[in-house]
Amino acid sequence: MTVAIGAQSAIPIVAVLVAGGLYWAGWRRRVRPTSGRDLRSRRLRAAAFVTALTVTLVALVGLDSPADHGFWPHMVQHVLLITVVAPLLVLAEPWSMMWRPLPLAGRRAVAGWVARDRRAAGLRALGRLLGRPGPALGVSIATLWLWHLPAAYDLALRNRAVHDLEHLTMLAGAVLLWEQVIDTAPLRPRLDAIERALYVSAATVSGWLLAALLAYWPTPLYAAYVASSHRPGSVSALADQQLAAGIMWGPGSLAYSVAVFWLIYVWLSDDRPRRRGLLVRSVSLREKGA
């Protein structure tokens, strides 16, 4: 069996503790007191961040052992990271709060290096690229598909460091995607509401295609799960794979569906673009008549 079976990594626990500690320190060192709407907004973002950290622990620690033995618990991990943790992190906007408690001299040095140093030119270019809707969507989709290739997936099950890298890159790709959907700092969406609805739909269809491939593939794709003798639910390796596909297809689409319907509602509720269009056409007609 694989060496990762039954092993629990301390990395997610340490990462959650460090992130939570930095956020709490940043909250305590906020620049000015807040009240009213600003305080309510800050508290809602803090609640989103705490929920994201809690779900991360559930996914990466609570489900760690079952995910080593069965594909469908592993798929639950991926669904939680991509469709729950990632959008909650984007909603929480924790980045500046976690940055604030670090030493001021260090923050200035890092910010100055990133903003002006020639050696950071590639990093700045990469940041601009990943801040655009197309590349962000492409990275998110590519990350999901590449990690589900049998060779990459089995390697992640054999090697704990690769396993942690798998989850980290999936989460990072999902954060990039949700940053283009949810209007929060630091990456403000460049698309309007209906364009964002289509954007989310593209990500949803990509997940459906992968789920369909897993569901209808005639044999089990992952050697580690074929060799497992303790699959959760005592199902066959093929049934395990089909259950995982169903989780990706159903629960894995829920957050995307909510986002699409909400964005369509926002688009329909905002008649300013249509009013501007009617005004432009009206002015054009008057000019032609004159």
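Note: hydrogens, waters and symmetry copies are ignored here, and every other heavy atom, side chains too, is used.
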Report task. Look at the side-chain heavy atoms of Ile, Leu, Val, Met, Phe, Trp and Tyr, link any pair under 4.5 Å apart, and say whether V205 and L210 land in one connected group. Result -> yes

Report task. Answer whether the closest heavy-atom distance between the side chains of V181 and L263 falls below 4.5 Å. Result -> yes

Query raised in the report: Okay, side chain of Q180, backbone of G131: is any donor-acceptor separation there less than 3.5 Å?
Result: yes

Requested in this report: Could you verify whether a donor N or O on one side chain and an acceptor N or O on the other, from S140 and W178, lie under 3.5 Å apart?
Outcome: no

Query raised in the report: Do the side chains of L238 and Q242 get nearer than 4.5 Å, heavy atoms only?
Result: yes

Report summary line: Between the CZ atom in R107 and the CG atom in L102, the distance rounded to the nearest 0.5 Å is 7.0 Å

Report summary line: Sorted by chain and number, sequence neighbours left out, side-chain hydrogen bond (donor to acceptor under 3.5 Å, both in side chains) with D183 holds for R188

Requested in this report: Measure the CD-OH distance between Q241 and Y222 for me, rounded to the nearest 0.5 Å.
Outcome: 6.5 Å

Query raised in the report: Atom CG of L89 and atom CZ of F49: how far apart are they, to the nearest 0.5 Å?
Result: 6.5 Å

Query raised in the report: Are side-chain heavy atoms of V76 and F71 found at a separation under 4.5 Å?
Result: no

Query raised in the report: Are V175 and W99 grouped together when hydrophobic residues (ILVMFWY) are joined by side-chain heavy atoms under 4.5 angstrom apart?
Result: yes

Query raised in the report: What closest approach, in Å, do Y199 and A136 show between heavy atoms, and which atom pair accounts for it?
Result: OH-CB, 3.6 Å

Query - Heavy-atom closest contact (D154 atom, A223 atom, distance) - result: OD2-N, 3.3 Å

Query raised in the report: Are W267 and L191 in one and the same hydrophobic cluster, where Ile, Leu, Val, Met, Phe, Trp and Tyr link if side-chain heavy atoms are under 4.5 Å apart?
Result: yes

Query - 4.5 Å side-chain heavy-atom contact, R231 and H69 - result: no

Query raised in the report: How long is the span from the CE atom in M75 to the CH2 atom in W249, to the nearest 0.5 Å?
Result: 12.0 Å

Query raised in the report: Is the W95 to Y23 ring centre distance short of 6.0 Å?
Result: no

Query raised in the report: Are the side chains of V226 and T219 in touch, meaning some heavy atoms are under 4.5 Å apart?
Result: no

Report task. Identify the heavy atoms of A48 and A92 that sit nearest to each other, and give their distance. Result -> CB-CB, 4.0 Å

Query raised in the report: With hydrophobic residues grouped by side-chain heavy-atom distances under 4.5 Å, do I264 and L254 end up in a single group?
Result: no

Query raised in the report: Looking only at heavy atoms, which two atoms of L157 and A224 are closest? And how far apart?
Result: CD1-CB, 3.4 Å

Query - From CA spacing to verdict: side-chain contact (heavy atoms from CB on, under 4.5 Å), N159, H163 - result: CA-CA 6 Å; N159 187 296; H163 199 170; over 6 Å; no

Query raised in the report: Is the distance between the ring centroids of H74 and Y153 less than 6.0 Å?
Result: yes

Query raised in the report: Between L214 and A245, what is the shortest heavy-atom contact and its length?
Result: CB-CB, 3.9 Å

Query raised in the report: Which distance, rounded to the nearest 0.5 Å, do you find between the CG of L22 and the CZ of R100?
Result: 12.5 Å

Requested in this report: Looking only at non-hydrogen atoms, find the nearest pair between Q77 and A67 and report the distance.
Outcome: OE1-CB, 3.1 Å

Query - Backbone of A203 reached by a side-chain donor or acceptor of W208 within 3.5 Å - result: no

Query raised in the report: Is there a side-chain contact (heavy atoms from CB on, under 4.5 Å) between L126 and L130 once you walk through the steps?
Result: CA-CA 6 Å; L126 179 62; L130 295 179; 3.9 Å; yes

Requested in this report: Could you list all the salt bridge (Lys or Arg N to Asp or Glu O under 4.0 Å) pairs where at least one residue sits in residues 122-140, not counting sequence neighbours?
Outcome: none

Query raised in the report: In terms of heavy-atom contacts, does CH2 of W217 have more than 12 from other residues, nucleotides or ligands at under 6.0 Å?
Result: no

Query raised in the report: Are any side-chain N or O atoms of E195 and backbone N or O atoms of D192, one a donor and one an acceptor, separated by less than 3.5 Å?
Result: yes

Report task. Look at the side-chain heavy atoms of Ile, Leu, Val, Met, Phe, Trp and Tyr, link any pair under 4.5 Å apart, and say whether F261 and V266 land in one connected group. Result -> no

Report task. Kindly indicate, with the supporting measurements, whether the criterion side-chain contact (heavy atoms from CB on, under 4.5 Å) is fulfilled by M248 and H148. Result -> CA-CA 12 Å; M248 177 182 282; H148 283 88; 4.2 Å; yes

Query raised in the report: Do L80 and L63 have side-chain heavy atoms sitting under 4.5 Å apart?
Result: yes

Query raised in the report: If you round to the nearest 0.5 Å, how far is CH2 of W27 from CE of M97?
Result: 6.0 Å

Query - Check against side-chain contact (heavy atoms from CB on, under 4.5 Å), L81 and V55 - result: CA-CA 8 Å; L81 290 174; V55 175; over 6 Å; no

Query - Flag side-chain contact, heavy atom, 4.5 Å: H78 against H167 - result: yes

Query raised in the report: Is there side-chain contact between D68 and Y225, with at least one heavy-atom pair below 4.5 Å?
Result: no

